[in-house]
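Before any comments, here is the structure.
Chain naming here is simple, since letters A, B, ... match the order of the sequence lines and numbering starts at 1 in each.
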Amino acid sequence: MSYDHKNIEKKWQQRWEREGVFYASDASDKEKYYCLIEFPYPSGAGLHIGHPRSYTGIDIIARKKRMEGKNVLYPIGWDAFGLPTENFAIANHRKPQEVTKENTDTFRRQLQSLGFSFDWSREINTTDPEYYKWTQWMFLQFYKASMAYKAKTKINWCLSCKIGLANEEVVNGVCERCGGQVEKRDKEQWMIAITKYAQRLLDDLDTVDYLPKIKKQQQDWIGRSEGAEVDFKVSNSDEVIRIFTTRPDTLFGATYMVLAPEHELVGRIVKDEYRIEVEAYVSEAGKKTDIDRADATKEKTGVFTGAYAINPVNGKEIPIWVADYVMMGYGTGAIMAVPAHDERDFEFAKKFDLPIVEVVQSDERVDGCFAGEGTAINSNFLDGLSTNEAKEKITAWLTEKGLGKATVNFKLRDWVFSRQRYWGEPIPLVYCDKCASTGSASGDGWVPVPDDQLPVLLPEVEKYEPTDDGESPLSAISEWVNTKCPKCGGEARRETDTMPNWAGSSWYFLRYLDPKNNEVFADKSKIGYWMPVDLYNGGMEHTTLHLLYSRFWHKFLYDQGFVSTSEPYVRRHSHGLVLADDGHKMSKSKGNVINPDEIVEKYGADALRMYEMFMGPFEEPVPWSTNGLLGIARFLDKVVRLKEMVRGSEEDVVTRMLHKTIKKVTEDIDGLRFNTAVSQMMIFVNDVQASGSITKESFLKFLLLLCPFAPHLSNELAEQLGVESCLETNQWPEFDASLIVDQVVTIAVQVNGKLRGEIQASPNSTQAEVEALARADENIAKHLEGEIKKVIYVSGKLMNFVV
RNA sequence: GGGCGAGUGGCGGAAUUGGUAGACGCGCAGGACUCAAAAUCCUGUGGUAGCAAUAUCAUGAGGGUUCGAUUCCCUCCUCGCCCACCA
């Protein structure tokens, strides 16, 4: 670099801090603008080169909005609870608190070296007791509203982490964190009833401005499907099997039933002579990992129970099977099988030689199974009806007879909220035997820790490893576990589970609004002023987890009257990963990691920021290229040299290009098209260089445009030109529309759609004038022999002769 | 298997209410400056033919609509991400 980036950067970072340029005032006449990035998990590896991509993009928007006169809040904090820190602490015999402190110190230094316009006075940390006090308090609101409950469930148990995982944390049947094997295990867990909000989480997507792919992914995850519940009586028994189906119109084609292996009825209905075989199958299925079971390509398995059910529509006896292609977690864990019209049932029926009865006729003849819609046949009173009509009629019939009803089913499961780990927020509940027996604690014996005793602090422990029985390490500290019941004062025990790290991140954007408040999590008037978040940027990987959880959490707070809007985020955008230069993910093991500290040291923060904006479209993954970074460094050097060209006047082309650049950069920033904004600034600088002169006024306007991208250098150059204030406190430049219009335009001339020449003309010349000019062109005239059938003219752009 | 997205020079990418394909940057080649180098500046740079003017081919493959298609439609291939026996 030809300029002293190290000193310049330090100088301006100190001045911004000293003058409080990025301080967001809670009392302002200006219109507010709240932009947010996902606060980082401070890992031991330090800042990834990908972090600054998202942060710079939103920083550019924050800086521009300030210059446009908005009161901007752009905060930062640390999502610091979590397994990697805990695992590091275990491996190195360190306290997670100390490790977290070191990591956040590193991240803070690294982020500050990049000159982001964060309001550092609002920095938060989810592991700070003053923060997690409110996470605990909010959990208690869920509990008090009967939204948190303890349930014995089959949970995903990671054998290596020794931890229960939410469904969302099991990826392809293995642990999302460590890649280890996952098995099913029974465990009492705290659950939060997110499914009660499924419909609203779906409906309210219509009220927000998210990228379409983000909405789609949330819709699919919530997974609403309409259908019917139908009760099948078990022959010679009082038992009833309830099933869910999206195709009640195919009821006449149900030729057998299937229960999931975990279904409670299996043991009760199985006939003695089949019991051994069935029990063996069920136990085998329990041992299977999800990855085996979810492999749709493998052959279906199952066993007959010896029992029969009665198809309610025709009284026919149909056999009841147990098979692991039916999941306990969806619908009722039992299905009616219609092999003629369901691929899986068809495959199963073929293998076990079960009857296949066609009840839907399709227009086109299909071999095997037809899962589409058509006309009902072999279905008694449904015959001749379309699929939709048949669905309606049969559902009405079932309802009338008390055999079933229309139902809506969601894929979304309730949120497993317990972790048997140390490094998380303790769940602030106490179990009291006495209160449980007297029924004074709502009957279940769990008593909330009173608000004035929050936070329930994480105690110091010797060892952080989970215990072998899977309980949290907290359970080993008897002086912490044993406590007094807040209700009756008797002997009681603390809950030793902690919360998942999705808890603290579900509401952090609210704490930014009032980070030091000891009375409430945030003052209501501040929430009223700042919320909702105007722009939230983050990774696609958080779409179904963090983004959905935090929407849900916020809706709950809204229902409780604690926040002012039912949706937390107005607009959601996503950024692409920064890959290694070989196109793969950066990883220590591959040795292809780029360290941001080294880049800042060598090329400067401005070069890194601007390169990350230029490397490609904001949303797309892009490989790193140090050569590309060099190109940006050269561009910044050129900008420095532009100062030598400042004169009293400039050519008209420079003025016009400046105004075009103002327009383009303004629009591109609003649309998060940072790469083309940078490219436009390069074009401008090239033009000025070619022309050799620029006025001070124009150069300053350009520096204002450059400021959000390369804030240190543009401030420094502006100061050298006599500007005393920080550029960030100046007005964003406006363009003169009359200077955008070109005086001479180039019109492409085609013959039969092929380019044969170009002509220069005034932008308001008539078609006849342009045609005359075109015909005068030798090369064009050459191709115009023969009859001209048609002339197409796009004003100021193109003329096409059809011959 | 399903959903979403994407395939454009040696590389990152630009251009879509259908209107000059390859902006901008990297890389490469030649030149200027220099004793030399770095830096900087200038010129060139999709393929083929040609000294050139120019012609012709070209946006994953093949068809279609159109005066005109990277953009719209159909079929197929490849890659990425997400989900995955969801009844």
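- Rounded to whole Å, atom P of B:C24 lies 13 Å from atom CD of A:Gln689.
- Across B:C4, B:A87, B:C86, the shortest atom-to-atom separation from the side chain of A:Lys216 is found for B:C4.
- Atoms CD (A:Gln767) and P (B:G19) sit 19 Å apart, rounded to a whole Å.
- Between A:Asn686 and the phosphate of B:G25, there is a side-chain N or O to OP1/OP2 separation shorter than 4.0 Å.
- The side chain of A:Lys754 contributes an N or O atom lying less than 4.0 Å from OP1 or OP2 of B:C57.
- When rounded to the nearest whole Å, the span between CZ of A:Phe614 and P of B:C11 equals 17 Å.
- Looking at heavy-atom distances under 4.0 Å, A:Lys797 makes contact with sugar-phosphate atoms alone, never a base.
- B:G27 and B:A38 are spaced 13 Å apart, taking the P atom of each and rounding to whole Å.
- Taking atom P on both nucleotides, B:G50 is separated from B:A14 by 36 Å, rounded to a whole Å.
- For B:G10, the paired base is B:C26 (Watson-Crick or G-U wobble, both distances below 3.5 Å).
- Residue A:Asp324 places its side chain closer to B:C85 than to any other of B:A15, B:G12, B:C85.
- For B:U71, there is no paired nucleotide, since no Watson-Crick or G-U wobble pair has both relevant distances below 3.5 Å.
- As judged by a 4.0 angstrom heavy-atom cut-off over every strand, A:Ile792 is placed among the base-contacting residues.
- Here B:C24 is the nucleotide among B:A14, B:U20, B:C24 with the atom lying nearest to any side-chain atom of A:Ser679.
- Here A:Asn627 does not reach the OP1 or OP2 of B:G25: none of its side-chain N or O atoms lies under 4.0 Å away.
- B:C82 sits 36 Å from B:G63 when the P atoms are compared, rounded to a whole Å.
- Rounding to the nearest 0.5 Å gives a distance of 12.0 Å between CG of A:Asp637 and CG of A:Leu642.
- Phosphate contact (OP1/OP2 of B:U54, side-chain N/O of A:His783, threshold under 4.0 Å): absent.
- Below the 3.5 angstrom threshold, one finds a donor paired with an acceptor across the side chain of A:Lys300 and the base of B:C85.
- Of the candidates B:G13, B:G25, B:G3, B:G3 carries the atom nearest the A:Asp220 side chain, counting heavy atoms from C-beta on.
- Counting non-hydrogen atoms under 4.0 angstrom, A:Gln680 reaches nothing in the nucleic acid.
- Rounded to whole Å, atom P of B:A15 lies 21 Å from atom CG of A:Leu755.
- Taking atom CD of residue A:Glu619 and atom P of nucleotide B:G13, one finds them 13 Å apart after rounding to whole Å.
- Using C1' as the reference atom, B:U70 and B:G9 are 14 Å apart when rounded to the nearest Å.
- Proximity note for A:Lys213 (side chain, C-beta onward) versus B:A21, B:C4, B:C85: the nearest is B:C4.
- Between A:Phe614 and A:Phe674, the distance from one ring center to the other does not fall under 6.0 angstrom.
- Applying the 90° criterion around 0 to the glycosidic angle, B:G10 comes out anti.
- Without hydrogens or angle criteria, A:Arg656 side chain to A:Val741 main chain gives a donor-acceptor distance under 3.5 Å.
- Backbone-only engagement by A:Lys638 is indicated by non-hydrogen atom pairs under 4.0 Å involving sugar-phosphate atoms exclusively.
- Pairing for B:U20 is absent, judged as Watson-Crick or G-U wobble with the two contacts each under 3.5 Å.
- Within 4.0 Å of A:Asp345, counting heavy atoms only, lies no atom of the nucleic acid at all.
- Between B:G22 and B:G13, the distance separating the two C1' atoms is 10 Å to the nearest Å.
- With both pairing distances under 3.5 Å, B:U66 is matched to nothing as a Watson-Crick or G-U wobble pair.
- Across the protein-nucleic acid pair, A:Glu226 atom CD and B:A87 atom P stand 12 Å apart, rounded to whole Å.
- Nucleotide B:C4 is matched to B:G80 when pairs are restricted to Watson-Crick or G-U wobble geometry with both distances under 3.5 angstrom.
- A:Arg756 places no side-chain N or O within donor-acceptor distance of the main-chain N or O of A:Asn779, the cut-off being under 3.5 Å.
- The interatomic distance linking A:Glu612 (CD) with B:G25 (C1') rounds to 16 Å, in whole Å.
- Using a 4.0 Å cut-off between charged side-chain N and carboxylate O, A:Lys663 and A:Glu667 make a salt bridge.
- Nucleotide B:C35 forms no Watson-Crick or G-U wobble pair with any nucleotide shown, as no partner meets the under 3.5 Å limit on both distances.
- Atom CZ of A:Arg247 and atom C1' of B:C86 are 15 Å apart (whole Å).
- Note that CD1 of A:Ile243 and CE of A:Met336 are 5.0 Å apart. Values are rounded to the nearest 0.5 Å.
- The same atom, P, is picked in B:C76 and in B:G18; the two are 26 Å apart, to the nearest Å.
- Between A:Tyr549 and A:Trp502, the angle of the ring planes lies from 30° to 60°, which puts this pair in the tilted group.
- The aromatic ring centres of A:Trp415 and A:Tyr197 sit 6.0 Å or more apart.
- In this structure, A:Arg756 reaches the sugar-phosphate backbone alone: every heavy-atom distance under 4.0 Å involves primed, P, OP1 or OP2 atoms, never a base.
- Side-chain proximity of A:Ile683 to the nucleotides B:A87, B:C24, B:G19 is greatest for B:C24.
- Rounded to whole Å, the separation between the P atoms of B:C26 and B:C42 comes to 12 Å.
- Contacts of A:Val794 with the nucleic acid, taken as non-hydrogen atoms under 4.0 Å apart, include base atoms.
- A close approach under 4.0 Å does not occur between any side-chain nitrogen or oxygen of A:Asn800 and OP1 or OP2 of B:G68.
- An OP1 or OP2 oxygen of B:A55 is reached within less than 4.0 angstrom by a side-chain nitrogen or oxygen of A:Asn779.
- Regarding contacts with the backbone of B:C41, a side-chain N or O of A:Arg641 is found under 4.0 angstrom from either OP1 or OP2.
- At a threshold of 4.0 angstrom between heavy atoms, the contacts of A:Ser625 with the nucleic acid are absent.
- Side-chain N/O atoms of A:Gln217 include none lying less than 4.0 angstrom from OP1 or OP2 on B:G3.
- The A:Pro617 side chain lies nearest to B:G13 when the options are B:A87, B:G13, B:G3.
- Within the structure, every side-chain polar atom (N or O) of A:Arg673 is placed at least 4.0 Å from both OP1 and OP2 of B:A14.
- Remark: A:Arg634 is in phosphate contact with B:C26, judged by side-chain N or O atoms under 4.0 Å from OP1 or OP2.
- A:Thr543 comes within contact range of no nucleotide atom at all, as no heavy-atom separation falls under 4.0 Å.
- To the nearest 0.5 Å, atom NZ of residue A:Lys664 and atom CG of residue A:Leu705 are 13.0 Å apart.
- A donor and an acceptor atom, one from each side chain of A:Asp668 and A:Thr676, are located under 3.5 Å apart.
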